[in-house]
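Heads up, the thing below is written out as structure tokens.
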Number of protein chains: 2
Amino acid sequence: MAKRSEGLPEKDRQERILDAVLHLLAEGGISAVSMRAVAREAGVSLGLVNYHYADKTRLIAAALRRIEAQDIALLEPDADLAPEERLRKALARVADPEFLTTAYLSLRLQLWALAQAHEEFEQINTDAQKRYRAELARLIRAARPELSRADAARRAADIDVVQNGLWLTALLGLDRRSIARSVERCVSIALE
Amino acid sequence: MAKRSEGLPEKDRQERILDAVLHLLAEGGISAVSMRAVAREAGVSLGLVNYHYADKTRLIAAALRRIEAQDIALLEPDADLAPEERLRKALARVADPEFLTTAYLSLRLQLWALAQAHEEFEQINTDAQKRYRAELARLIRAARPELSRADAARRAADIDVVQNGLWLTALLGLDRRSIARSVERCVSIALE
DNA sequence: CGGGGGATTGAACGATCGTCCAGACGCTCG
DNA sequence: CGAGCGTCTGGACGATCGTTCAATCCCCCG
């Protein structure tokens, strides 16, 4: 049973542990993520990390799966907008300073690097990417109902390429104007 | 003095050591790069690695600097083509299966991840990126002399974004057709 | 030939790694 | 109350890490 003594403002310990993993990963890469560093950052004992996550692989996998939700959430719109405006807003949101933080971008990059180095993490990553593209295609078809499913999927894939490049280039420190132009390019790909 | 006993087909030991670093980095990420693993992969003793590169940071920095040349070389054309054709060829080459290998892409990603985690490696990376973009702008202006220097630089930056996304997406396993479309997009950005 | 210096080796150091485990804590239920 | 159970702690294990170092090798020069 979860504790939930009502007086405690502190988050669930498992949450705190995953937060710590993501924070360390974004800050110093995978080499900065040791079981002890995670425990210290989360403010729990070393033993507890291994208690909740049997080994390091499972710990990192759990942390990675927690980023997925955040990525897909980028596409979730305020539902009361017209479909086209909803799509425009979703495409603009990837460049929103609120989401496009260094920490988030760095996290993304480390996730990709991990996926390239370990098969297990690669699966988590490709699954997330597939879900993201499907959701994007759905938004496009809502805004342009005359498109075939295949056409919408193709446009979603093209947008994904530019967005990946946009994220990556933002991380590497390009100026904001070329990012704005890239967002505009995504809009025109989506809406012709 | 370098040995260079003429009978030996084996490369310089320092070269072999850097090769080993890059191979391990591409294959298993930074966690796979230990001094011992590098020595084993290069077929030399552990001590020699530390003899040529005083510590691990300097070893990796030397390896990263060796990738730069390869990146810039992507833009170097056969000199006997017309400027526009030279540019088209350079832009197409980033998607050439000969360069777009998994090993090379993975290496690039690990480089970016490293740059994000350590200041020292970040400097190496941004320097290389700057040189790449300048060289690309030069090619564009050769093909379109009527463009101002600023316009050419702007186009080079836009192309860099799409190319980064192209590389990244190729690495993440997207289909070849969307890559081809992205190459075409780079061409039209460059030549209007 | 004898010596000097760069190249190369592998053993050894202390630190840190992931994992394991015996036990303590706090809570519920019979 | 006491037995049971999920939660949590920190010490201990062997493995591996980066680094250091004395000793050896090889080759050129005097």
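Below, all heavy atoms of this structure are taken into account, side chains as well, without hydrogens, waters or symmetry copies. All chains are named by letter (A, B, ...) in the order of the sequence lines, taking the proteins before the strands, and each is independently numbered beginning at 1.
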**OP:** Take A:G47 and A:R36, find for each the nucleotide of DNA chain C with the closest heavy atom, and name the residue whose nucleotide sits nearer the 5' end.
**Re:** A:R36
Original post:
Does a nitrogen or oxygen in the side chain of A:S45 sit under 4.0 Å from OP1 or OP2 of D:dC8?
Top reply: no
Original post:
Any side-chain heavy atom of A:N125 within less than 4.5 Å of one from A:L64?
Top reply: no
Original post:
Relative to each other, are the rings of A:W167 and A:Y104 parallel, tilted or perpendicular (30° and 60° limits)?
Top reply: perpendicular
Subject >> Spacing of A:I30 atom CD1 relative to C:dG18 atom C1', expressed in whole Å >> reply: 13 Å
**OP:** From the options D:dT7, C:dT19, C:dT9, select the nucleotide whose nearest atom is closest to the side chain of A:M35.
**Re:** C:dT19
**OP:** Find the distance B:D12:CG to C:dT8:P and express it as a whole number of Å.
**Re:** 8 Å
Subject >> Min side-chain heavy-atom separation B:F121-B:Q116 under 4.5 Å >> reply: no
Subject >> Of residues 50-62 of chain B, the positions that come close to DNA chain C - non-hydrogen atoms, cut-off under 4.0 Å >> reply: B:Y51, B:H52
Original post:
Just how far, in rounded Å, is P of D:dT24 from CG of B:L48?
Top reply: 18 Å
Original post:
Quick one: B:L46 CG to D:dG18 C1', roughly how many Å, whole number?
Top reply: 8 Å
Original post:
When the distance from CZ of A:R40 to C1' of D:dG10 is rounded to whole Å, what number comes out?
Top reply: 14 Å
Original post:
Is there side-chain contact between A:H52 and A:L59, with at least one heavy-atom pair below 4.5 Å?
Top reply: no
Original post:
When we call it a touch if two heavy atoms are under 4.0 Å apart, what does A:V33 touch: a base, just sugar-phosphate, or nothing?
Top reply: sugar-phosphate
Original post:
How many angstroms lie between atom CG of B:L25 and atom CG of B:L18, to the nearest 0.5 angstrom?
Top reply: 12.0 Å
**OP:** List for me each residue that meets salt bridge (Lys or Arg N to Asp or Glu O under 4.0 Å) alongside A:E27, sequence neighbours excluded, and say none if there are none.
**Re:** none
Original post:
A:R13 side chain N/O closer than 4.0 Å to the phosphate oxygens (OP1, OP2) of D:dT7?
Top reply: no
